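First comes the structure, then the notes that go with it.
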Amino acid sequence: QVQLVESGGGLVQAGGSLRLSCAASGRTFVGYAMGWFRQAPGKEREFVAAISWSGGITYYANSLKGRFTISRDNAKNTVYLQMNSLKPEDTAVYYCAVRADIRRLTAMSEYDYWGQGTPVTVSS
């Protein structure tokens with residue numbers, strides 16, 4: 001059974017940083033891309049960042065470039081999201097997902113497996 005478990009969320013003041021982790025298990029993920037999405041209260045889930053299996057290709061939501069960094073450790077089947085200079089509008093539940101293809105990594109509907117999410121709250 002595939003399982004994605006996010007961690008690292010919490011409460012942080014504006015301007016602070018958090019590092020989210022997502023550990024995948026239950027099958028081999030060789031070749032899988034991994035991504036992060038978020039859903040703020042009352043809003044639709046949106047793309048945050050994605051990374052290819054090799055880590056050589058990354059995508060970011062335009063509004064987040066320069067503040068968020070995605071990375072992965074394939075030996076641990078784990079993807080990370082380093083979030084810096086956090087703003088109150090970054091408050092959301094953050095979800096990780098995996099996709100057995102490198103195409104359309106910004107499209108939520110293309111992902112095969114999802115985690116349960118970890119909440120992030122940024123206070124002003």
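Note that the structure is predicted; figures quoted are calculated from it, not measured.
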_Run the side-chain hydrogen bond (donor to acceptor under 3.5 Å, both in side chains) test on Tyr94 and Arg38 for me, step by step, so that the C-alpha distance in whole Å, both residues' side-chain angles and the decisive distance to 0.1 Å come before the verdict._
CA-CA 4 Å; Tyr94 284 72; Arg38 68 183 184 182; 2.9 Å; yes
_side-chain contact (heavy atoms from CB on, under 4.5 Å) between Leu64 and Asp90, intermediate numbers included_ = CA-CA 9 Å; Leu64 302 176; Asp90 294 318; 4.0 Å; yes
_Evaluation steps, side-chain contact (heavy atoms from CB on, under 4.5 Å), between Val120 and Leu20_ = CA-CA 9 Å; Val120 171; Leu20 306 183; 4.1 Å; yes
_Is there a side-chain contact (heavy atoms from CB on, under 4.5 Å) between Met34 and Phe29? Walk through the geometry before answering._
CA-CA 10 Å; Met34 302 185 81; Phe29 292 99; over 6 Å; no
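Rounded to the nearest 0.5 angstrom, Ser21 OG and Gln82 CD are separated by 9.5 Å. Interatomic distance, CZ of Arg67 versus CG of Leu86, reported as 6.5 Å (0.5 Å rounding). Cys22 SG to Gln116 CD: the interatomic distance, rounded to the nearest 0.5 Å, is 11.0 Å. Here the OG-NZ distance, from Ser124 to Lys87, works out to 14.0 Å after rounding to the nearest 0.5 Å. With rounding to the nearest 0.5 angstrom, the CG atom of Asp73 is 5.0 Å from the OH atom of Tyr80. For the atom pair CG of Leu81 and CG of Leu18, the computed distance is 9.5 Å after rounding to the nearest 0.5 Å.
A distance below 6.0 Å separates the ring centres of Tyr111 and Phe37.
Side-chain contact check for Arg45 versus Trp114: some heavy-atom pair is nearer than 4.5 Å. In this structure the side chain of Phe68 never reaches within 4.5 angstrom of the side chain of Ile70, judged on heavy atoms. You'll find the side chain of Arg27 reaches within 4.5 Å of the side chain of Tyr32, heavy atoms only.
No single ILVMFWY cluster, assembled from side-chain heavy atoms under 4.5 Å apart, contains both Met83 and Val93. Under the 4.5 Å side-chain heavy-atom criterion for ILVMFWY residues, a single connected hydrophobic cluster contains both Val48 and Val12. Linking ILVMFWY side-chain heavy atoms closer than 4.5 Å, directly or via other members, places Met108 and Val2 in two distinct hydrophobic clusters. Hydrophobic cluster membership is shared by Val122 and Trp36, with clusters built from Ile, Leu, Val, Met, Phe, Trp and Tyr side chains linked at under 4.5 angstrom.
Formation of a donor-acceptor pair under 3.5 Å by the Arg72 side chain with backbone atoms of Ser52 is found in this model. Here the side chain of Glu6 pairs a donor or acceptor atom with the backbone of Cys96 at under 3.5 angstrom. Between the side chain of Asn74 and the backbone N or O of Trp53 there is at least one donor-acceptor pair closer than 3.5 Å. Under a 3.5 Å cut-off, the side chain of Asp112 and the backbone N or O of Ala100 do form a donor-acceptor pair.
When every heavy atom of Gly9 is checked against every heavy atom of Thr118, the shortest pair comes out as N-OG1, 3.2 Å. The two residues Pro88 and Ala14 make their nearest non-hydrogen contact at CD-CB, 4.1 Å.
If you run side-chain contact (heavy atoms from CB on, under 4.5 Å) between Ile51 and each of Ile57, Leu105, Thr58, only Thr58 comes through.
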